[in-house]
Every structure is written in structure tokens, then in C-alpha cells.
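What follows is a single structure, written as C-alpha cells, with notes after it.
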Number of protein chains: 4
Amino acid sequence: MDDHTAGGGRADTAPDRALPVPDRLLSVATRLFAERGFERTSVQELVAAAGVTKGAMYHYFASKDDLLYAVYQRVLAMQTERLAGFAAAEGPIGERLHAAAADVVHTTVDNLDDTRIFFRSLHMLPEDKLAAVRKERRAYHERFRGMIEEGQRSGAFRTDVPADIAVTQFFGAVHHLSTWYRPDGELSGAAVGAYFADLFLAGLRPPETAG
Amino acid sequence: MDDHTAGGGRADTAPDRALPVPDRLLSVATRLFAERGFERTSVQELVAAAGVTKGAMYHYFASKDDLLYAVYQRVLAMQTERLAGFAAAEGPIGERLHAAAADVVHTTVDNLDDTRIFFRSLHMLPEDKLAAVRKERRAYHERFRGMIEEGQRSGAFRTDVPADIAVTQFFGAVHHLSTWYRPDGELSGAAVGAYFADLFLAGLRPPETAG
Amino acid sequence: MDDHTAGGGRADTAPDRALPVPDRLLSVATRLFAERGFERTSVQELVAAAGVTKGAMYHYFASKDDLLYAVYQRVLAMQTERLAGFAAAEGPIGERLHAAAADVVHTTVDNLDDTRIFFRSLHMLPEDKLAAVRKERRAYHERFRGMIEEGQRSGAFRTDVPADIAVTQFFGAVHHLSTWYRPDGELSGAAVGAYFADLFLAGLRPPETAG
Amino acid sequence: MDDHTAGGGRADTAPDRALPVPDRLLSVATRLFAERGFERTSVQELVAAAGVTKGAMYHYFASKDDLLYAVYQRVLAMQTERLAGFAAAEGPIGERLHAAAADVVHTTVDNLDDTRIFFRSLHMLPEDKLAAVRKERRAYHERFRGMIEEGQRSGAFRTDVPADIAVTQFFGAVHHLSTWYRPDGELSGAAVGAYFADLFLAGLRPPETAG
DNA sequence: TATGAATGAGTGTTCATTCAT
DNA sequence: AATGAATGAACACTCATTCAT
């Protein structure tokens, strides 16, 4: 009845009818949660936009929360996989960290919806799922921190600032991207990635290089 | 039904009964919105915790949204005022920016509730109020950017990264504080502020100082 | 705050500020009750439109119901007085009834707001006030019926239809005026009055005149 | 809270539990709206009297307004159908109009609740639904007017009063029935119908028949 | 005569979820 | 694998009225 397709714009991306029902739901949920927020999106709107019935949704997902959780898992898996690549690569740590940093910005910008949901709706997850997401997130950050510590041990990075702080600062900036970055603006994701990585790496240079 | 004994979370901080009703509501709202999120806080809980009736709340605030907006205005006013101080101070731009950066971290950490609400619930504001908040926020960022540009003109800061990007990156990290900083942890607000400012300023050093 | 003056049009008839407060309230109430209906008009809107405070209203009227009742009383008094004039006049009963019938249509059309309220909101009155209004209304109808009976006795009107039925039928049509008559239409109140009176009187002619 | 035992008014006519939910709601709504008025009937009372839950009601009707609208549609359909019969019948126009007029009175008296709601609560409908009802109502009146014009053309009825006015006057009286007719009084619906039709038709006789 | 803060019961409506089929 | 009628608790908000001043 109510066809709330309107709203934030975006080319009426009706999900591919050929896609399996769970994927269709996941993709529609990602879009709607990002556009309207998790709590402003009703299950009714969701299933209508996905072209399935409520019953079908509850067949695949235990709850609306569960759908949100599934969205998170998809994002986390993707990010973790990419980072693993940079961590395991060859080359000077400075270059590898720069590449990893630029890449996380780039892929974040390519999946702004996911990020938007991530930081806006994380607190809507039930305690247990929240813990699971946080755990995986922490693992991701630790991998990143490991690279910084590697550079600190090798003398490439400053040691007067804890690696933790640097990681936190950097990801804070990354997460914040979804609140200001506009895909139709003049800055490409790669450009922002380069700038961010430059600033980040420059911040990590040992202070004595300035003397 | 209207249960006037507060109920929930944090050292049962019943707001000072002597405080005027609007202030009481504002302070309770800040706490509850931060604890449970805006959407998860019902008007009923709110007024119960503040020890007033719904009618009283709607006498002073037009809606639940309006209460959220009032919380925002209070934060924005405070932040804007502090920044103005640093911008107008004397001394080398590098030192003034370092001080301003450290201060914004420090005061953010001292008002984590506000920040948490800010970035979690901004999207729940109605369009018009959202625009007003964004406008004021932008003015704040521009003032900060002005300091960076001043340093770029004087040669103190690198010019190969836009001031905009630097501002955005820094505030991204600041906003993110509310998701990880714990007041009862080992890092003081001042310490985090110092680290953040160090990293930030180091990131802004002209690249040639490295050569 | 909310200045609902808009709505049904009508030249923003702000009531004369020089008028005594009770009259101002009465006149504003008549307009708003007719425009939006009794229950859709809040006391807040009412006092705002009248330019007084709630306290002032409750000083003069015991309740919102009471205000409605006062509106009724004003109308009833006016109608009763006019009818008395026609009943007591000289001349053939047919002519006097025709004049009275045309007049009630005319004055109804001149006070459409009152009529609209009368039939739309009568059921919102509390039992006791409702009874009072009905009683006065009945007295009015009986006076009208008296004129018909006078004509029946004198042989001017048919006797095969009860006078009651004729009165009821006629006033039904009169009350209904407020649902279709438009002051800016092509029919004047006097014209409608003449037509209605013609039909009414013709209906009352003794059937044998047709033979 | 959700109290499934009905509560109030009239020989506790609990609606047939076997009836489908929408019909049950419609029938209960008709009764309650007529008894207490639309505004004075809360959705809570309504569903309690119908023995269903609020959720069930909102499953079938979009709003309380929508329920009122559904009541209207049912009445309008019934009336329109009956009138069509008389308009299409054989015989002198005077007799057919008399029969139609008597019948509309009779069926109105048989469905007083519907009529009461019709004229008391029409103004509570939202603009768009109001327009739909008015449109159908107008069509009904025009059909009736068509019969009068037919008689005017054939010389059976007077032509010095517009057919429109006659229709309006007659239906005004019909609508008014719900405010005074009592089913337990001494007048049967058929009797009132006959009287009304007599008066109405007599009023339409050409004036020269009086000479 | 008038104010306006405060009351508190009540309103229509929403919505995630269940379950017989 | 999927339907859709039904649930029931919760929600934001309204409003006539009171009362200390």
C-alpha cells in the first residue's frame, strides 16, 4: 500500500528479482537502513521494497535485529579480508601501511551505506550481537595496530605516541567519512585515501626527523 | 502510570529537584539519549526520570525532537565559544592550533554524552532543525580551517593537503572518541588530547622538513 | 505559536479588540466551531484567536461546553424573538405563515455559522444543557405549529397531514441549508426563502382545491 | 487493557462472532458512531465492542477516518441502488416520484443510525474522502432532480420553483429525520413516508390547479 | 480580573513478531 | 518455502482543566 520508495533520492534501485531472497533482503536492508536509519525503517517497508512477504523474511532472518547483524557481518568480512592482504604483503612497513590506509578509505567510500549504518545503528543491536561485532572489529583494529608496532620496532615510526591512539585516531576519521563524503563531489575516493594516508603517515614520522 | 521515581542506569543521578523544569529535562535527556539512544528513550521514561509530567515537558518543548535539538544547541554553543578563544589568542599558529586541538579533545572527553548523542542521533532530527545544526557545525569547522590556512600561508604547515581534509580527518577522530574512550580508563582526557594534537600537528608539518 | 487562522478562508475576521472579552470569545467561538467543528477546535486555538488567555476564558465560561451552550442560547433567543413577531401580526394566516417561513430561511442564511454548529455539535453538549436547548427548541417549533393549526382550524390548510409532520419537514429543510447554501452563489437568502415558503404553503393547501 | 467484553448502550448487541472481522467492525462502528458520535467513540471502545484487537482493526482499515468512510460507502451504495429502481419504473411521473419519495423516507427510518452518522460526522472526514462522498451524494440528488424535471416538462409539476430547490428542501427534511424520529413512537416509517411524499408532491402541483 | 505553569488521563496509531495454513 | 491475518504492548502527543499568584 504505502510505497515509500521516495525519500533520499537514489535511482530507484529495485533489487534484482533474480537474486535469492536472503540476498535481496540484505541488499535492500543496507540501502534502507542507510537512507532512513534502522529504527525508521519498518519491516513492512523492507519486505515491500524487497518484493517478498513478511513471512518470507522471518523464514530467513530471526528478527529485524538479525538482519542488521547480517549487514554488519558482510561488511566486516569484506574489510577484514582486504586488510589481511596488505598486512601480509612485502615491502617497507611505511609503504604497506600507507597502502592499507589509503585502501580502507577507498573501500569505505565505495560502501558508504555500510559505514553509515555501522556507526549510526550499532547501538540498536542486542547485547550479544553487539559483543560479537565489537570483537571482530577489535580484531581488525589490532591487525592494523600490529603494522604500526612493526614500524615502531623498526624505527620507521615514532614511539612517543601509543600505536593504539594512532589507530583510533585514524579510524575515527575513516568512520566519519560517511557523514561528509559525497560521491558526486570533486574528490574521488582514491584522492581522499591518498590525503588521509599522507597525513596519517606524516603524523607517525619520528619527531627527531624534524630536528 | 506516571511513575515519578527515576529508573535506570548510572549512579541513579536524580537531577536536582531545585533546578527549573526545562533544565532538569535537558540534563536528563542528555544522559538518557546518550545511554540508550534517542529512539530507545521513550518520553515516558524521560519525564519519569526528570520527575515531571508529560504535560510539563510538552509545555516547554514542542516535541521529543525539539528536546534533542535543545541538547544540540547547548553543546554547539559551548564548543563554539571555546574555539573562539584559541583562534583569537596570541602566539605562533602551530602552538595555538596545538592548544585548540588538545582542548577540543579534552572538552569532548569531558562531555562524552553530548558527543555520543551528536553523532548517533543527528539523523533523527527533522529536516529543518537538522539544517540549522549543520550550519552551525560548519561555521565551527570553518573557524578551525581558518587556523590551518593561516599556518599554510605562513609556511608553518604543508600545503599539499587541503586544509579541509585535515580538518575533517581531525574531527572525525574527535567525534569517534565517544565510541571508545572510557573515563575510568588509564588515559586522561588531557593525555589523549596531547597525543591527538601531536599526531595532528606532526601530520601538518611541511614534508620538506623530513629531507 | 500555532496560528491556525488559516483554513476555511473567510477574511481574517479578527474580533474587535474593543469588544468585551466574553463577546469576543463568543464571536470567535461561533466562527471557529463552524469552520472546524467543536471538537477540532482546541481551547488554546480559541483563546489565541480571541486574543485572551486561557485563564480569562475560564473566568467567564465554566467550560468549553459552556461556551458552546452560550452560542446556542444566543441563536435561540434571536430566532424566538423574530418568530414571535410574525405569530402576533395581523392578516390571513396563509400570508403570515408564508412570511414567517420565508423569514426563518432568510435569517438562517444570514447566520449560517450558527446553524452549522447547531446541527453538527448539538450532541457534544452535556445531558443537562442538551435538555435545556431541546426544550427551548421545542417551544419554538410549537409556536410554529400553532400557526399551522390555526390555518387548519380556519380551513385554509389541509388537515389530512399532522401539523407536526409539516413543521418537522419544513425545519428539516431549513437546518439543511448550512450544508449546501453558499453566500457567494447566485441565490439570495430572500430568494431561497421565497421558494421554500412557496413549496411549503403549496404543500399545505387543502387537497380538494385540486378537484 | 484490551477488554474483550463489550460495554455499553443499546440492548448489548454484541455483534455476531461468526461474522468476518471487517463486517463486525463496520456494524459496531455504525452503532457506536450513531450513539455517541464519531469523535466521542474511541478506537479502544470500538474494538472492545467488536471483540477484536486494535491491531486487527488497523489491519483492515487504515484509520478511524477510514472506518467512517466505509460506513458511508455502504449507505450510499444502498440508497443509490434503491433509487435507480424507482427512476427506471413505469407509470405517471407523479406516482413514481411519490413512491420514490416515500421509499427514501421509509428506508431512512429503517437505517436511522446511518443517517445520524451521515450528517453529524461528515465534516470529520479528511478532504479527499469528503470529496468522494459528496460526489456520490450529488449524483444521487441529480437522479432525483431528473425525475422532477421530467414532471416539469410534462406539465405535471410547477415550473416556477427550480427543481434543485425542491430536491434540496425534500432531502433536508429526510436527513433531519434522524434527529426526531423515534422507532418506538406511534408513527411508522411508512406513515411518515406517506405524509412527507404527500406534502412534497402537493407542493409541486402547478399553482393554476388552485384556480 | 487575569496569568501561565502544571496536570493526568486519554488519543489514534505503529510495528515487530507469531502462527495456522 | 511462504502467506497474511492477528496480536498486544508500546509510542508520541493532545487537551480541557486547575490553581497559586
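Letters A, B, ... are given to chains in the order of the sequence lines, protein chains preceding strands, and every chain is numbered from 1.
Atoms CD (Gln44(D)) and P (dA10(F)) sit 14 Å apart, rounded to a whole Å. Met57(B) has its CE atom 15 Å from the P atom of dC15(F), to the nearest Å. Remark: C1' of dG12(E) and CG of Leu68(D) are 14 Å apart, rounded to the nearest angstrom. For the pair Leu67(C) CG and dA16(F) C1', the interatomic distance rounds to 12 Å; values are reported in whole Å. Rounded to whole Å, atom P of dA12(F) lies 11 Å from atom CD of Glu39(B). Note: CZ (Arg40(B)) to C1' (dA12(F)) measures 17 Å, nearest angstrom. Between the CG atom of Leu25(D) and the P atom of dT7(F) there is a distance of 11 Å, given to the nearest Å. In this structure, the OH atom of Tyr69(C) is 21 Å from the C1' atom of dA16(F), given to the nearest Å.
A stem is defined here as three or more consecutive Watson-Crick or G-U pairs, each with both distances under 3.5 Å; for DNA chain E these stems are E:2-21 with F:2-21.
Comparing dT17(F), dT13(E), dC11(F) against the side chain of Ser42(B) picks out dC11(F) as the nearest. Closest contact between the side chain of Ala56(A) and the listed nucleotides dT3(F), dA6(E), dA12(F) involves dT3(F).
Of the side-chain N and O atoms in His59(D), one or more sit less than 4.0 angstrom from OP1 or OP2 of dA5(F).
Nucleic acid contact for Phe61(D): none, since no nucleic acid atom lies under 4.0 Å from a heavy atom of the residue. Heavy atoms of Tyr60(B) sit under 4.0 angstrom from primed sugar atoms or phosphate atoms, though from no base atom.
Here the OG atom belonging to Ser121(C) is positioned 7.0 Å from the CE atom belonging to Met124(C), to the nearest 0.5 angstrom. Remark: Arg134(C) CZ to Glu127(C) CD distance equals 7.0 Å, nearest 0.5 Å. Summarising the geometry, atom CG belonging to Asp114(A) is positioned 12.0 Å from atom CZ belonging to Phe33(A); distances are rounded to the nearest 0.5 Å. Atom-to-atom distance recorded for Lys135(C):NZ and Leu130(C):CG is 14.0 Å, nearest 0.5 angstrom. Between atom CZ of residue Arg120(C) and atom CD of residue Glu39(C) there is a gap of 9.0 Å, rounded to the nearest 0.5 Å.
Where Thr41(C) and Lys64(B) meet DNA chain F, the nucleotide closest to each residue was compared, and Lys64(B) sits on the side nearer the 5' end. DNA chain F is contacted by both Ser63(B) and Gly55(A); Gly55(A) maps to the nucleotide lying nearer its 5′ end (nearest heavy atom per residue). Comparing Val43(A) and Glu45(D) against DNA chain E, the residue whose closest nucleotide sits nearer the 5' end is Glu45(D). Taking for each of Thr53(C) and Tyr58(D) the nucleotide of DNA chain E with the nearest heavy atom, the 5'-most of the two is the partner of Thr53(C).
Side chain Lys54(A) to base dT17(E): a donor-acceptor pair is found below 3.5 Å.
The aromatic rings of Phe118(A) and Tyr72(A) are tilted relative to each other, their planes meeting at an angle between 30° and 60°.
For the pair Asp66(B) and Lys129(B), the minimum side-chain heavy-atom distance is below 4.5 Å.
A side-chain donor from one of Thr30(A) and Arg74(A) sits under 3.5 Å from a side-chain acceptor of the other.
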